[in-house]
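Keep in mind that this is a model prediction, so the values were computed, not measured. Read the numbers this way: they start at 1 and go in the same order the structure lists the ligands and their atoms. Just so you know, residue 1 is the first one in the sequence shown, and it goes up from there.
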Amino acid sequence: MHTEERTFIAVKPDAVQRGLIGEIVKRFETKGYKVIGLKMIRVSDEQAKAHYAEHEGKPFYPRLIRYIQSGPIVAMVIQGYGVVAGARHMMGCTDPNKADMGTIRADFAQVMEYNVVHGSDSPESAEREIAIYFNENELFPEGKCMSELVIESLDAD
Ligand code: IDP
Ligand code: MG
């Protein structure tokens with residue numbers, strides 16, 4: 001049985017300030033992933049610390065916390081077949097100069113410190129991060145989307 005996943009995506013403050021919200025949301029939508037939650041927020045101290053707990057103590061940590069709070073982010077939950085790995089693939093690797101051409105980070109960013117987008121790195125991280133930013137009643141998973149059609153076709157075999 002093939003099932004859907006969901007993942008947490010953030011359009012980071014640099015991208016919001018540069019007017020790239022639409023460009024970045026559009027990448028995921030045109031891939032066929034379904035946006036089931038979306039809001040512009042200022043990241044609180046608690047959210048920033050919880051989100052990046054795994055990086056506490058690293059040299060770049062203080063800067064990372066400042067960065068994610070340097071302006072509003074657009075927090076999103078997207079849903080689809082294999083969306084956690086799929087979204088990471090679309091984002092490209094952490095350093096935009098090493099990311100494959102055509103990925104979001106390669107196309108829109110120059111340095112790791114301002115790499116325009118966040119995406120959860122595993123299904124477990126996704127659920128943890130979604131809970132930091134969203135209540136379940138802010139998510140709208142109902143309705144057909146392309147990935148459901150994909151799953152239907154896979155399960156028909
Ligand atoms: P990811 O965003 O690709 O999952 P992580 O290793 O989880 O990468 O790091 C979280 C964020 O911290 C990155 O997106 C980037 O903005 C920043 N970061 C990671 N490593 C470095 C570094 O070595 N120098 C500066 N910033 C970094
Ligand atoms: Mg990460």
**ligand 1-proximal atoms of R63, by part, heavy-atom distance under 4.0 Å** = neither

**Message:** If the cut-off is 4.0 Å to any non-hydrogen atom of L64, which atoms of ligand 1 fall inside it?
**Reply:** 11 (C), 12 (O), 17 (C)

**Message:** Within ligand 1, which atoms have a heavy atom of K12 less than 4.0 Å away?
**Reply:** 13 (C), 14 (O), 16 (O)

**Item:** Proximity of R88 to ligand 1 by residue part, where a heavy atom lies under 4.0 Å
**Value:** side chain

**Request:** May I ask you to test the V117-R27 pair for a side-chain heavy-atom distance under 4.5 Å?
**Result:** no

**Prompt:** What protein heavy atom sits nearest atom 25 (C) of ligand 1, and how far off is it?
**Reply:** E113 OE2, 3.4 Å

**Fill in**
If you scan protein heavy atoms around atom 8 (O) of ligand 1, the nearest is T94 OG1, 3.2 Å

**Asked** Nearest protein heavy-atom contact for atom 10 (C) of ligand 1: which residue, which atom, what distance?
**Response** H55 NE2, 3.6 Å

**Message:** Quick one, R18 and V116 - any side-chain contact, counting heavy atoms below 4.5 Å?
**Reply:** yes

**Proximity to ligand 1 by part of M91, non-hydrogen separation under 4.0 Å** = neither

**Message:** As a quick check of understanding, evaluate side chain to side chain contact (heavy atoms under 4.5 Å, CB included) for Y33 and M76, giving each step before the final call.
**Reply:** CA-CA 12 Å; Y33 296 140; M76 295 168 61; over 6 Å; no

**Message:** Just verifying a value: how many Å separate E5 CD and I78 CD1, rounded to the nearest 0.5 Å?
**Reply:** 10.5 Å

**Item:** Protein contact of atom 2 (O) of ligand 1 - nearest heavy atom, named by residue and atom, plus distance
**Value:** R105 NH2, 3.1 Å

**Asked** Are the side chains of K58 and Y52 in touch, meaning some heavy atoms are under 4.5 Å apart?
**Response** no

**Prompt:** What protein heavy atom is closest to atom 15 (C) of ligand 1, reported as residue, atom name and distance in Å?
**Reply:** M112 O, 3.3 Å

**Request:** May I ask you to check if K12 and Y67 form a cation-pi contact, with NZ or CZ under 6.0 angstrom from the six-membered ring centre and within 45° of the axis?
**Result:** no

**Asked** Where the closest heavy atom to atom 19 (C) of ligand 1 is concerned, which of Y67, Y114, F60, Y61 has it?
**Response** F60

**Ring geometry between H51 and Y133 (parallel below 30°, tilted from 30 to 60°, perpendicular above 60°)** = perpendicular

**Item:** Backbone N/O of M112 and side chain of D95: donor-acceptor pair under 3.5 Å
**Value:** no

**Prompt:** In ligand 1, which numbered atoms sit nearer than 4.0 Å to a non-hydrogen atom of N115?
**Reply:** 13 (C), 14 (O), 15 (C), 16 (O)

